[in-house]
Amino acid sequence: MLTAKPEHLAAFDYLGLHQYFLTFCTYERARLFVTADAVDFVRTQIDRAAAEEDIAVLAYCYMPDHVHLLAEGKADDSDCLRFIARAKQFSGFHYKAKFRCRLWQRYSYEHTLRAEEQAVSVARYIVENPVRARLVKRVDDYPYLGSSEYTLEQMLDAIQLRDGWYRSG
């Protein structure tokens, strides 16, 4: 499944203290994020781009063929579109050099969040993704999710998943 070319909001500059729900799909939906080596390698490059653009990655989840990010601008000049471009460019270039295959589809999904409650819902969606996909029974068991800003325990407390209701049968 290919991601169609996204339409950016015409009257929005993607600069500043905003939150975004981002999804990057692997090229031809290849299952590339199934080892810690590959995930850590890509995450390092995405974190590099986030640091350069003053973006916080509040939550992430590397599924086998895509990654979800909850990102937040930390300064008035934080540029989400430049973060997306750099994150995909840095990780794609270095991934191809190391693993000898293309990493990303050309386009990605991006959604600007408009309310604090929406950010909590998006974080919950991101964190629960491996359980919904039946990769694990408990969020705590999935090795490729977390935050660049918080511990997993802090994240689960903040999005009210610590109670255990997210555990599937």
Side-chain angles (χ1 to χ4, degrees), residues 1-9 12-75 77-113 119 122-133 135-136 139 141-152 154-155:
M1 178 176 134
L2 298 177
T3 306
K5 182 178 181 191
E7 296 298 325
H8 300 297
L9 297 173
F12 187 69
D13 61 9
Y14 295 86
L15 294 174
L17 307 170
H18 303 287
Q19 295 175 322
Y20 308 92
F21 177 32
L22 309 172
T23 302
F24 305 158
C25 294
T26 59
Y27 183 68
E28 296 182 343
R29 297 301 292 252
R31 296 174 55 85
L32 302 178
F33 299 133
V34 294
T35 65
D37 185 38
V39 171
D40 292 344
F41 191 82
V42 171
R43 192 165 59 89
T44 296
Q45 296 304 320
I46 289 176
D47 286 347
R48 174 182 160 204
E52 287 188 11
E53 294 305 321
D54 215 1
I55 298 278
V57 178
L58 302 178
Y60 63 79
C61 181
Y62 288 78
M63 297 296 285
D65 63 355
H66 64 281
V67 61
H68 291 297
L69 305 170
L70 174 58
E72 178 179 69
K74 297 182 348 183
D77 62 347
S78 297
D79 188 329
C80 183
L81 294 181
R82 197 162 57 202
F83 163 67
I84 292 168
R86 287 184 174 194
K88 290 181 75 176
Q89 179 184 31
F90 294 164
S91 59
F93 176 83
H94 291 288
Y95 190 91
K96 188 170 187 176
K98 181 173 180 168
F99 296 102
R100 306 269 183 231
C101 67
R102 183 173 168 181
L103 178 58
W104 301 121
Q105 285 186 26
R106 183 169 179 195
Y107 300 111
S108 53
Y109 170 82
E110 120 298 285
H111 176 73
T112 304
L113 305 183
V122 167
R124 187 176 293 123
Y125 173 84
I126 289 170
V127 168
E128 290 178 324
N129 214 4
V131 174
R132 278 192 311 280
L135 298 175
V136 293
V139 167
D141 295 335
Y142 195 68
Y144 310 129
L145 62 83
S147 168
S148 297
E149 304 292 314
Y150 306 106
T151 67
L152 182 59
Q154 289 171 323
M155 260 184 25

Q: Heavy-atom count around Phe99 CZ within 6.0 Å, excluding the residue itself: above 12?
A: yes
Q: Do Met63 and Leu135 have side chains that get closer than 4.5 Å, going by heavy atoms?
A: yes
Q: Starting at OH of Tyr60, measure out to CD of Glu149 and round the result to the nearest 0.5 Å.
A: 11.5 Å
Q: Does the side chain of Val67 reach to within under 4.5 Å of the side chain of Tyr144, using non-hydrogen atoms?
A: no
Q: With rounding to the nearest 0.5 Å, note down the distance linking CG in Leu70 to CZ in Phe21.
A: 8.5 Å
Q: Are any non-hydrogen side-chain atoms of Lys88 and Ser108 less than 4.5 angstrom apart?
A: yes
Q: Are Cys80 and Thr112 side-chain neighbours, meaning at least one heavy-atom pair lies under 4.5 Å?
A: no
Q: For a 4.5 angstrom cut-off between non-hydrogen side-chain atoms, does Leu32 reach Leu103?
A: yes
Q: Could you grab the distance from atom OG1 of Thr44 to atom NE2 of His94, nearest 0.5 Å is fine?
A: 10.5 Å
Q: With side chain to side chain contact (heavy atoms under 4.5 Å, CB included) as the criterion, how do Tyr142 and Asn129 come out once you've worked through the C-alpha distance, each side chain's angles and the decisive distance to 0.1 Å?
A: CA-CA 10 Å; Tyr142 195 68; Asn129 214 4; over 6 Å; no
Q: Can you give me the closest heavy-atom contact between Ala38 and Tyr95, atom names plus distance?
A: CB-CE1, 4.2 Å
Q: How many angstroms lie between CD1 in Ile46 and CZ in Arg86, if you round to the nearest 0.5 Å?
A: 14.5 Å
Q: Side chains of Leu58 and Gln19: closer than 4.5 Å at any heavy-atom pair?
A: yes
Q: Around Arg106, counting heavy atoms of other residues, nucleotides and ligands shown, do more than 12 lie under 6.0 Å from its CZ?
A: no
Q: Ignoring hydrogens and geometry, is there a side-chain-to-backbone donor-acceptor pair from Thr26 to Asp65 under 3.5 Å?
A: yes
Q: Counting only heavy atoms not in Lys98, do more than 12 sit closer than 6.0 Å to its NZ atom?
A: yes
Q: Looking at Leu145 and Val127, what are the two nearest heavy atoms and their distance?
A: CD2-O, 3.6 Å
Q: Taking the ring of Tyr20 and the ring of Phe83, is the distance between their centroids below 6.0 Å?
A: no
Q: Do Ile84 and Leu22 make a side-chain contact, defined as non-hydrogen atoms from C-beta onward lying under 4.5 Å apart?
A: yes
Q: Please verify the inter-ring angle class for His68 with His66; under 30° counts as parallel, over 60° as perpendicular, anything in between as tilted.
A: perpendicular
Q: Output all residues satisfying side-chain hydrogen bond (donor to acceptor under 3.5 Å, both in side chains) with Arg31, sequence neighbours left out; order by chain, then residue number.
A: none
Q: Looking at Ile55, is its backbone amide N or carbonyl O close enough to the side chain of Ser78 to form a donor-acceptor pair, meaning the two atoms are under 3.5 Å apart?
A: no
Q: Restricting to non-hydrogen atoms, name the atom on Leu69 and the atom on Val57 that form the minimum distance, rounded to 0.1 Å.
A: CD2-CG1, 4.0 Å
Q: Sub-3.5 Å donor-acceptor pair from the side chain of Tyr62 to the main-chain atoms of Asp40, do we have one?
A: no
Q: Of all heavy-atom pairs between Ala97 and Arg100, which one has the smallest distance, and what is that distance?
A: O-NH1, 3.7 Å
Q: Return the CD to CG distance between Glu52 and Asp79, rounded to the nearest 0.5 Å.
A: 12.0 Å
Q: Just checking, Arg132 and Tyr125: is the charged tip under 6.0 Å from the six-membered ring centre and within 45° of the axis?
A: yes
Q: Specify the closest pair of heavy atoms between His111 and Leu113, including all atoms of both residues, with the distance to one decimal.
A: CD2-CD2, 3.5 Å
Q: In Å, rounded to the nearest 0.5 Å, how long is the span from CZ of Phe33 to CZ of Phe24?
A: 10.0 Å
Q: With distance as the sole criterion, is a donor-acceptor pair present between the side chains of Arg48 and Gln45 under 3.5 Å?
A: yes
Q: How about Tyr27 and Cys101: do any of their side-chain heavy atoms sit closer than 4.5 Å?
A: no
Q: Measure across Ala87 and Ser91 and return the closest heavy-atom pair with its distance rounded to 0.1 Å.
A: O-OG, 2.5 Å
